[in-house]
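All chains are named by letter (A, B, ...) in the order of the sequence lines, taking the proteins before the strands, and each is independently numbered beginning at 1.
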Amino acid sequence: MRASELLAPTLREIPAEAEIASHQLLLRAGFIRKAAAGIYTYLPLGRRVLAKLERIIREEMDRAGGQEVVLPIIQPAELWQESGRWEVYGEEMFRLRDRHQRQFCLGPTHEEIITALVRSEVNSYKQLPLLLYQIQNKYRDERRPRFGLLRGREFIMKDLYSFDRDQEGLDRSYAKMYQAYSNVFRRCGLDFRPVQADTGAIGGNYSHEFMALASTGEALLVYCQECDYAANVEIAAARALPKPVAETPQLLQEVATPGQKTVAEVSAFLGITPDRLIKTVFYEADGQLVAVLIRGDRELNEVKLQNYLGCRHLTLAEPEKVTAATGAPVGYVGPVGLQGVPVYADAEIPYLVNAVAGANREGYHLAGVNPGRDFKADAYADLRQVEAGEPCPRCGAPLSQARGIEVGQVFQLGTKYSRALGATYTDEQGREHPIVMGCYGIGVSRTMAAVVEQHHDEHGIIWPLSVAPFEVVIIPASLKDDAQREAAEGIYAELLAAGVEVVFDDRDERAGMKFVEADLIGYPLRLTIGKKTLVQGTVDVKWRHEGQELALPREGLVPRVKAMLAREMEKYR
RNA sequence: CGGGAUGUAGCUCAGUUUGGCUAGAGCACCUGCUUUGGGAGCAGGGGGUCGCAGGUUCAAAUCCUGUCAUCCCGACCA
């Protein structure tokens, strides 16, 4: 490709809308342009990176036994009504009507449509297991799209669905995909970690997320330095139980705490540490008010709470409802004497001795609160968020914390969709069973952004060779110099003939500008031809990810470059 | 959806408080000359319904009302 013909419009300045490195650099280097909030156009360079990612994904999916299909983006409402998700998905689904007023949606995911296909085409155990996948646009009308490609409303996803006759079959499919995903992300050059994950609204019972480690990631995860335990904090189990306090239980006593409402205020006012407080938080779980108790220095984990309660919707209760239930405003509520509201306490709560909690009376707290004696919770459970440094639930070594970008997730769905949609098979005895399903997603466009988050410097992107839009860029220092132009043209022709993906920067621009742009775009390998190198019979060769520039002989250059590329590519196998 | 902010040239922004000349700058773009190993210099040039719609006024980028869009924080979420 000649740079003079390549549409790669670079921006000198950082677009005001972009906050994080991947968004800024993909815009500046001319890979993407925004069409609307959360909706992007991929320019030629961006399209080439996507193609590289997709190729790696296809190879790994095919190797694991997957078969590629293309499912429709526009899906009929009936299927979603059958599964019950037409209502559940709510505002996040893009909906539309055709000219006959029939309802459709733009597919936010494809479980329904693939299950419908399989129920009509698969009837026998002889047809199982089956792994079907596609690489397709997905549509989710996010309330708040952000961070460029990391959270869009239209995005590219690889989704594979596995169909097995039983749980053992699903376990095998799941293991295959887990391995395939590890291969994909390793080949993309990502520093990633699979973590145990919540199964969320999609349902199912077992799941891992593949996290690309990045400080800009939206997900928080913990992992063990000693063993291979790693989990999203949403579900990471808290195992640390506090040491018993050797203190004599005292009498319950009301203390005036005028104007002191938060944990920080109350603990400072009373001169105690926050871990002596009981925080009482009210939620509405599918419309029912519940009280949750947690130690003052801890954070409640809403995912754990929701999973424990088994409710569909969980929201913080309105302050008015809290007051109606307790007789006191938020900030002064507590478990002692609380009536008519189920109370769920974190597992640490029973270890507290002489704690402080709200008195259910404005301006007052209770001291000397002793769980069990002064109140009884309806249930105790692990409801708090795990923190860095706590012991690993598996081996006890300290946990570390990191942020990650969720680039993939694997789920065991079970029979949720096959039952809802009637996808069954007949076994050897002629009995009918629901097909056991799994689903496995990779955010392709998000992966592109994640790679940039991990591979960039102050000058621009540093693409891993495996996903770079081109492998090599050729920069002649001056095109006006016929000798340089001819030398560059010759190398370009040879590289093309050798099957190297190469851009020849044949634009009549200053060399400095070409270097700056090449660094911004992130071509892995750069060949520079100048006056000096011509005299020496050499070409300057430089990896984008290294500082050192090498002067290699012009003679035998192309085979040498091919060998360098092959060696570099070994990193991504 | 709640809170905050911003919409002026392709991009980054000034001008809006206190209404008043032909609406500005830098970058980008076009032409010419010079330059040519890290986003060149000089000269000339093109490009703007000031998001949109109403309103107030002799006069609106500027004030008022509505509306749309975009971004940030939060809530929510495969």
Side-chain angles (χ1 to χ4, degrees), chain A residues 9-20 23-24 27-30 33-39 85 88-93 107-111 138-148 150-153 155 157-159 197-204 207 209-210 218-219 232 234 283-284 302-303 306 312-318 405-411 413 439-443 446 458-460 475-481 484-485 488 505 507-521 526-534 539-540 542 549 551:
Chain A
T10 60
L11 304 174
R12 188 182 291 241
E13 291 172 88
I14 299 170
E17 70 200 45
E19 276 261 304
I20 62 170
H23 193 194
Q24 293 176 351
L27 284 167
R28 280 191 61 209
R33 286 292 182 263
K34 186 177 69 179
I39 300 177
R85 288 207 293 182
V88 174
Y89 240 98
E91 297 268 88
E92 203 172 305
M93 189 146 69
T109 175
H110 286 73
E111 282 85 9
K138 293 274 189 288
Y139 296 84
R140 290 179 198 172
D141 194 359
E142 293 277 349
R143 283 174 185 186
R144 191 179 159 206
R146 57 182 137 176
F147 302 141
L150 284 184
R151 183 165 289 269
R153 295 193 294 171
F155 55 98
M157 190 163 170
K158 185 287 307 180
D159 46 324
D198 183 44
T199 48
I202 224 169
S207 177
E209 288 166 334
F210 285 76
E218 293 185 272
N232 193 314
E234 288 178 345
Y283 277 86
E284 275 190 72
E302 290 189 8
V303 172
Q306 184 162 10
R312 185 166 280 175
H313 296 290
L314 185 73
T315 53
L316 211 54
E318 306 282 331
I405 299 165
E406 185 193 334
V407 286
Q409 182 160 17
V410 291
F411 267 104
L413 287 176
C439 78
Y440 316 83
I442 291 178
R446 178 183 277 188
E458 67 273 27
H459 302 296
I475 298 181
S478 172
L479 272 177
K480 292 270 165 60
D481 179 348
Q484 286 183 45
R485 172 189 277 278
D505 199 338
R507 296 170 303 168
D508 186 15
E509 298 285 355
R510 299 166 67 85
M513 186 269 214
K514 294 183 184 180
F515 290 142
V516 169
E517 267 199 8
D519 285 350
L520 179 60
I521 290 171
R526 188 181 81 191
L527 308 185
T528 308
I529 292 113
K531 216 181 289 181
K532 193 179 69 191
T533 68
L534 271 183
V539 171
D540 286 336
K542 182 178 178 303
E549 189 159 49

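Here the C1' atom of nucleotide rU70(B) and the CZ atom of Phe147(A) are 15 Å apart, to the nearest Å. Atom NZ in Lys34(A) sits roughly 12 Å away from atom P in rA69(B) (whole-Å rounding). In this entry the distance linking CG of Asp141(A) with C1' of rA69(B) reads 15 Å, nearest Å. Put simply, CD on Glu142(A) is 17 Å from C1' on rC73(B), counting in whole angstrom units. Here rU12(B) presents its C1' atom at 10 Å from CD1 of Ile14(A), a figure rounded to the nearest Å. Atom CD1 in Ile521(A) sits about 15 Å away from atom C1' in rG38(B), given to the nearest Å. What separates CG of Leu11(A) from C1' of rG26(B) is a distance of 15 Å, to the nearest Å. In this structure, Glu19(A) atom CD and rU70(B) atom P are separated by 17 Å, rounded to whole Å.
For Ala16(A), counting side-chain heavy atoms from C-beta on, the closest listed nucleotide (rU70(B), rG39(B), rU12(B)) is rU12(B). Distances from the side chain of Glu302(A) to the nucleotides rC76(B), rC13(B), rU70(B) place rC76(B) closest. Taking the side chain of Val516(A) as heavy atoms from C-beta on, and the options rC77(B), rC13(B), rG38(B), the nearest nucleotide is rG38(B). Listed nucleotides: rG39(B), rC77(B), rG74(B). Nearest to the side chain of Arg146(A): rG74(B). For Glu13(A), the side-chain atoms get nearest to rG26(B) when compared with the rest of rA78(B), rG26(B), rC76(B). Distance from the side chain of Arg143(A) is smallest to rC1(B) among rC72(B), rA78(B), rC1(B).
Of the nucleotides present, rU12(B) is the one that pairs with rA25(B) by Watson-Crick or G-U wobble criteria, both distances under 3.5 Å. Base pairing analysis places rU31(B) opposite rA43(B); the two distances defining the Watson-Crick or G-U wobble pair are each below 3.5 Å. The nucleotide rU70(B) finds its pairing partner in rA5(B), both defining distances of the Watson-Crick or G-U wobble pair being shorter than 3.5 Å. Across every strand in view, rC63(B) sits in a pair with rG55(B) that passes the Watson-Crick or G-U test at under 3.5 angstrom.
Using a 4.0 Å heavy-atom criterion, one finds that Arg28(A) contacts the bases of the nucleic acid, with or without backbone contacts as well. At a threshold of 4.0 angstrom between heavy atoms, the contacts of Pro15(A) are confined to the sugar-phosphate backbone, with no base atom among them. Contact annotation for Leu316(A): no contact, since no heavy-atom pair falls under 4.0 Å across all strands. Contact annotation for Glu91(A): no contact, since no heavy-atom pair falls under 4.0 Å across all strands.
Side-chain atoms of Tyr283(A) and Gln306(A) form no donor-acceptor pair, as typed in the model, at a separation below 3.5 Å.
With both ends at atom C1', the span from rA53(B) to rC27(B) equals 33 Å, rounded to whole Å. The separation of rA60(B) from rG51(B), taken at their P atoms, amounts to 15 Å, rounded to a whole angstrom. rU62(B) sits 14 Å from rU8(B) when the P atoms are compared, rounded to a whole Å.
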Q) What string of B, S and - do you get for nucleotides 29-37 of chain B, 5' to 3', if B is base contact, S is sugar-phosphate-only contact and - is no contact with any protein heavy atom under 4.0 Å? A) ------BBB
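Although no hydrogens or angles enter the test, the distance criterion places no donor-acceptor pair under 3.5 Å between the side chain of Glu209(A) and the main chain of Glu406(A). A distance-only check finds no donor-acceptor pair linking the side chain of Glu284(A) to the backbone of Thr315(A) [under 3.5 Å]. Using modelled atom types, no side-chain atom of Arg146(A) and backbone atom of Arg151(A) make a donor-acceptor pair closer than 3.5 Å. At distances below 3.5 Å, not a single donor-acceptor pair connects side-chain atoms of Arg140(A) with backbone N or O atoms of Arg153(A).
If Glu17(A) and Asp519(A) are placed on RNA chain B by their nearest nucleotide, the residue sitting closer to the 5' end is Asp519(A). Place Gly38(A) and Gly441(A) on RNA chain B by their nearest nucleotides, and Gly38(A) ends up nearer the 5' end.
When the side-chain nitrogen and oxygen atoms of Arg12(A) are compared with OP1 and OP2 of rA28(B), one or more of them lie within a distance under 4.0 Å.
Evaluation of atom-type donor-acceptor distances gives a pair under 3.5 Å for the side chain of Arg151(A) against the base of rC77(B). For Glu406(A) and rA78(B), a side-chain-to-base donor-acceptor distance below 3.5 Å is present, hydrogens and geometry of angles not being considered.
Between Glu517(A) atom CD and Arg12(A) atom CZ the span is 9.5 Å, to the nearest 0.5 Å.
For Glu218(A), the CD atom is densely surrounded, since the number of other residues' heavy atoms within 6.0 Å is greater than 12.
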Q.
Let's go through Asp508(A) and Lys480(A) carefully: what are the C-alpha distance in whole Å and the side-chain angles of both, what is the deciding distance for salt bridge (charged side-chain N to carboxylate O under 4.0 Å, His left out) to 0.1 Å, and is it a yes or a no?
A. CA-CA 8 Å; Asp508(A) 186 15; Lys480(A) 292 270 165 60; 3.4 Å; yes
